[in-house]
Amino acid sequence: MSHTAFLAAAILAFAFPYVYAATSDQWRGRSIYQVIIDRYALPEGADPNQCPSGTRTWCGGTWNSLRQNLDYIQDAGFTAVWISPVSQNYEGPATPYGDPYHGYWIADASQLNSRFGTSDDLKGLSEELHRRGMYLMVDVVVNDVMATSITPDLSTYMFKEQSRYHPYCAIDWSNTTSEEQCWLGDTVVPLPDLNTEDPTVVAGFGDWIQSLVKEYNIDGLRIDAAKHVNIDFWPVFCGKAGVFCIGEVFGSDIDDAALYQGSNALDSILNYPMYTALLDAFTLPGPQNMSAVADMIGQQAAKFKDPTLLGNFIENQDIPRWANISVDPQSLYNAMVFNFMTDGIPIVYYGQEQGFSGNSDPYNREAMWPSKYANSTTYQLITTLNQFRNFLVNNTQWATTPTQVLTTSPYGIATLKGDCVSIMTNIGSPPQNISIPVYTPYLASASLTNVLTCEQWPVGSNGTINAQYSLGGVPLVLYPTTLLQDSGLCGNSDTTTGSATYVSSALRIHRPVIFLLTVLSSLLLGFLSSFW
Ligand SMILES: *[C@@H]1O[C@H](CO)[C@@H](O)[C@H](O)[C@H]1NC(C)=O
Ligand SMILES: *[C@@H]1O[C@H](CO)[C@@H](O)[C@H](O)[C@H]1NC(C)=O
Ligand SMILES: *[C@@H]1O[C@H](CO)[C@@H](O)[C@H](O)[C@H]1NC(C)=O
Ligand SMILES: *[C@@H]1O[C@H](CO)[C@@H](O)[C@H](O)[C@H]1NC(C)=O
Ligand SMILES: *[C@@H]1O[C@H](CO)[C@@H](O)[C@H](O)[C@H]1NC(C)=O
Ligand SMILES: *[C@@H]1O[C@H](CO)[C@@H](O)[C@H](O)[C@H]1NC(C)=O
Ligand SMILES: *[C@@H]1O[C@H](CO)[C@@H](O)[C@H](O)[C@H]1NC(C)=O
C-alpha cells in the first residue's frame, strides 16, 4: 500500500469506525454463486433419485459435498460462493411446511447445523474456497428464530428468556415498527422476533458473529430479513463482524430500500428495485417496459449511497425462477447480461444456468444433480461474462465507473460502463426487422469486438452502432478490440499484468467539455466511494 493510501485508510478507520471500506471494495468486483447447501450436490454414493421437485425434506447436500464440487462454480468464473445458513435449526417432527432443509429455521444460533457437517467440514470448505482465490459468504438470520406455537419454549435457544424477544403480534404491513417487531411466519410456524433493541441481545449477537467470522474465516455476510430489524442494529453488528454485509430488503420501493445502505445501516442490499424493473422490461410475455430499467438506473444513482455495491439478481430462493415467468431463452440472456455489465455485484442462483423453472418455494429449490452440472448454453454465457468482467475488474477502473444510459428504445437499452457498450433487447428469439441506433463515444475508425461472439462490430459515422435483430434478439457486449489484448477472450492470450490502458482516448470521439466532466465526476465518485 502506498503512503497516501495507508494514510487515507488510517484516517477513514479513525473517522468511521464501523465502515470497512476496504472490505466493500474487495467485494465490489466479485461475482457470486448462491447455493442452498442441501440441494447443490450429493455426497458420493448417495441415491440421485431421492429429491423430486417440490421435496420439503432434506435431500442430503453437505458442506463437504459442496467443497467436492467447486470446480463447476470456479470454471464458470465465479469468485465467491454464498451458502445457506450454517446455524442449528429446528429438529422436531416435520411441520405442515416440511423440514428445515433450507436452513432458515434457526434454533440455537450458537451451534452449527449438524445436518450439513461438522465444524471441521465448514472450515474445510472455507479453506478450499480461499485456496482457489474465492470468497465465502454466509447467510445469517438474526431477526428471528423458529417455533411451532406462539407460546414457545425457547430455553434451548441462544437467547433463552422470553424477555429477549418481542411479544407475539401478527405483522401490520403498513406499520414499520410492526414490520420490525412483530413475528414473521404464521401461527403454524411462527418466527419469534428477537428484541434487537435490547443491549443484551445486541451484545450477544455481536460476540457471536465476531467469533463465527473469525473461526470460519468468513469473507462476507448475507443478512436475512434485514428490513425486519431496527436499522441502527446493523452498523454495530456488521462492525463486530468486520466484513462486508449485504442485506435482504424485500420490496420494489427504491426509497425504502435506499435507507438500508450507508454507514448508519448496511454496506449493501440485494437489488429488489432493479429486479422489479428487469421483470417489467425483459419478461416475455410481459409489459416490455424498457423505460423501467433506464428510470431505475437514474434513481439508483440519485438515491443509493453506492450503486456499484448492490447485489443484482434475477433468481433466488424466495422468488420464481426466471424461466417460470419467461420461457424465451433470449429474455434470460439479455437480463443476465444487464446484471453482469451494470453497476453492482452479479449473483447467480444455483440452477439458473441449467434452465430450472420452478415457481415459488419449494419448487424453486430444485436438486441440482439431475442437471448433471452440464456445460449448457447459459453456463457458457456466464463463463464468458465472468471472464470478461474479471478482466475488467482486475485491469481497469470499470467496477467503480458509473453506468450511463446511451439509448432507450421500446425494443432495448444500451449502456456504457467504462469502455464497454452493452445493448440489451426484449424482442425475444424470433428474428425481427428492427434496429436500435446507439450513439457511442467511439470514433468511426474504432474497431469493437462483441465479446459474446468474438465478431467485429463496425462503428458508423458520429459513433453510431446499429444493433440489428435479423438473427433474433441477442444481447451485444462491445469492447475496443485493442483493449482485449491479454484478456484470454476471442483468441487473445491470458497474461494479464494489470497494465492494460483504461481510458481508450485514442479511440474516442473528443467532446472536450463532456470528457472533462466525465473524468472529473468519476474522480469525485472514486474519491467519495472510498467513504461509503
Ligand atoms: C405500529 O406497530 C407497533 C408494534 O406492533 C404498535 O405498537 C403501534 O401501536 C402501531 N402503530 C400504529 C399507528 O398502528
Ligand atoms: C414504464 O416504466 C416507467 C418507469 O418506471 C413508468 O413511468 C411507466 O408508467 C411505465 N409504463 C407502462 C406502460 O407501464
Ligand atoms: C412454473 O412452476 C410450476 C410449479 O413449479 C410448474 O407447475 C409450472 O410448469 C412452471 N411453469 C413453467 C413455464 O415452467
Ligand atoms: C464448455 O463448452 C465450451 C464450448 O465447447 C468450452 O469452451 C468450455 O471449456 C466448456 N467448459 C467446461 C467447464 O467444460
Ligand atoms: C485477478 O487478480 C487476482 C489477484 O491478483 C487474481 O488472483 C485473479 O486470478 C485475477 N483474475 C483474473 C480473471 O484475471
Ligand atoms: C425492414 O424495415 C425497413 C424499414 O421499415 C424496410 O425498409 C425494409 O424493407 C424491411 N426489410 C424487410 C426484409 O422486411
Ligand atoms: C450524433 O450523436 C449525437 C449523440 O452523441 C446525437 O444526439 C446526434 O443526433 C447524432 N447526429 C447524427 C447526425 O446522427
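Just follow the structure's listing: the first ligand is 1, and inside any ligand the first atom is 1. Every value quoted in this text rests on a predicted model; they were computed, and no experiment measured them.
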> Under the 4.0 Å line, does any protein heavy atom show up next to atom 14 (O) of ligand 1?
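Yes.
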> Report the nearest protein non-hydrogen atom to atom 3 (C) of ligand 3: residue, atom name, distance rounded to 0.1 Å.
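Scanning the protein heavy atoms, the shortest distance from atom 3 (C) of ligand 3 goes to Asn324 ND2, 3.5 Å.
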> Out of all atoms in ligand 2, which are within 4.0 Å of some heavy atom of Asp295? Include the element for each.
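The list of qualifying atoms is 4 (C), 5 (O).
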> Run the numbers for me: atoms of ligand 3, each under 4.0 Å from some heavy atom of Gly358, listed by number.
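Atoms satisfying the 4.0 Å criterion: 2 (O), 5 (O).
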> Polar-atom distance check: Tyr363 versus ligand 3, any N or O pair below 3.5 Å?
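Looking only at distances, the answer is no, because the N/O contact criterion of under 3.5 Å is not met.
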> Side chains of Asn462 and Thr464 only: does a donor on one sit below 3.5 Å from an acceptor on the other?
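No, no side-chain donor-acceptor pair sits under 3.5 Å.
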> Between the side chains of Gln432 and Tyr411, is a donor N or O closer than 3.5 angstrom to an acceptor N or O?
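Judged by distance alone, the side chains do not pair up.
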> Could you tell me if Arg389 sits above the aromatic ring of Phe78, with its cationic atom closer than 6.0 Å to the ring centre and no more than 45 degrees from the axis?
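The answer is no, since Arg389 fails at least one limit relative to Phe78.
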> Nearest protein heavy-atom contact for atom 4 (C) of ligand 3: which residue, which atom, what distance?
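Answer, as residue, atom name and distance: Asn359 CB, 3.8 Å.
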> Provide, to 0.1 Å, the distance between atom 5 (O) of ligand 1 and the closest protein heavy atom, together with that atom's residue and name.
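Heavy-atom neighbour on the protein nearest atom 5 (O) of ligand 1: Cys182 SG, 3.6 Å.
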> Would you mind listing which atoms of ligand 2 come within a distance below 4.0 Å of any non-hydrogen atom of Ala292?
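Near Ala292, the atoms of ligand 2 are 2 (O), 4 (C), 5 (O).
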> Are Asn450 and Thr453 linked by a side-chain donor-acceptor pair shorter than 3.5 Å?
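Per modelled atom types, Asn450 and Thr453 side chains form a pair under 3.5 Å.
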> Does one side chain, of Asp186 or Tyr97, offer a donor that lies under 3.5 Å from an acceptor on the other?
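Tyr97 and Asp186 do have a side-chain donor-acceptor pair below 3.5 Å.
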> May I ask you to check whether Asn316 and Tyr272 show a side-chain donor-acceptor distance below 3.5 Å?
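Indeed, the side chains of Asn316 and Tyr272 share at least one donor-acceptor pair under 3.5 Å.
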> Is the centre of the Tyr275 ring less than 6.0 Å from the centre of the Phe250 ring?
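Centroid distance Tyr275-Phe250: not below 6.0 Å, so no.
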> Any N/O of Gln181 closer than 3.5 Å to an N/O of ligand 1?
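N/O-N/O distance below 3.5 Å does not exist for this pair.
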> Using a plain distance cutoff, I'd like to know if Asn289 has any nitrogen or oxygen under 3.5 Å from a nitrogen or oxygen of ligand 2.
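Checking ligand 2 against Asn289, an N or O pair does fall under 3.5 Å apart.
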> With a cut-off of 4.0 Å, which atoms of ligand 1 are near a heavy atom of Asn175?
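Atoms satisfying the 4.0 Å criterion: 1 (C), 2 (O), 3 (C), 8 (C), 10 (C), 11 (N), 12 (C), 14 (O).
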> Take atom 7 (O) of ligand 2 and look for protein heavy atoms under 4.0 Å from it; say yes if you find one, no if not.
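Within 4.0 Å of atom 7 (O) of ligand 2, no protein heavy atoms are found.
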> I'd like to know if the side chain of Gln380 and the backbone of Asn375 have a donor-acceptor N/O pair within less than 3.5 Å.
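At least one qualifying donor-acceptor pair exists.
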> Check ligand 3 against Ser357 and write out every atom of the ligand that is under 4.0 Å from a heavy-atom position of the residue.
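Reading through ligand 3 atom by atom, the close ones are 1 (C), 2 (O), 10 (C), 14 (O).
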> Between Asp343 and Arg28, is there a side-chain N and carboxylate O pair less than 4.0 Å apart?
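Here Asp343 does not pair with Arg28 in a salt bridge, since their nearest N and O are not under 4.0 Å apart.
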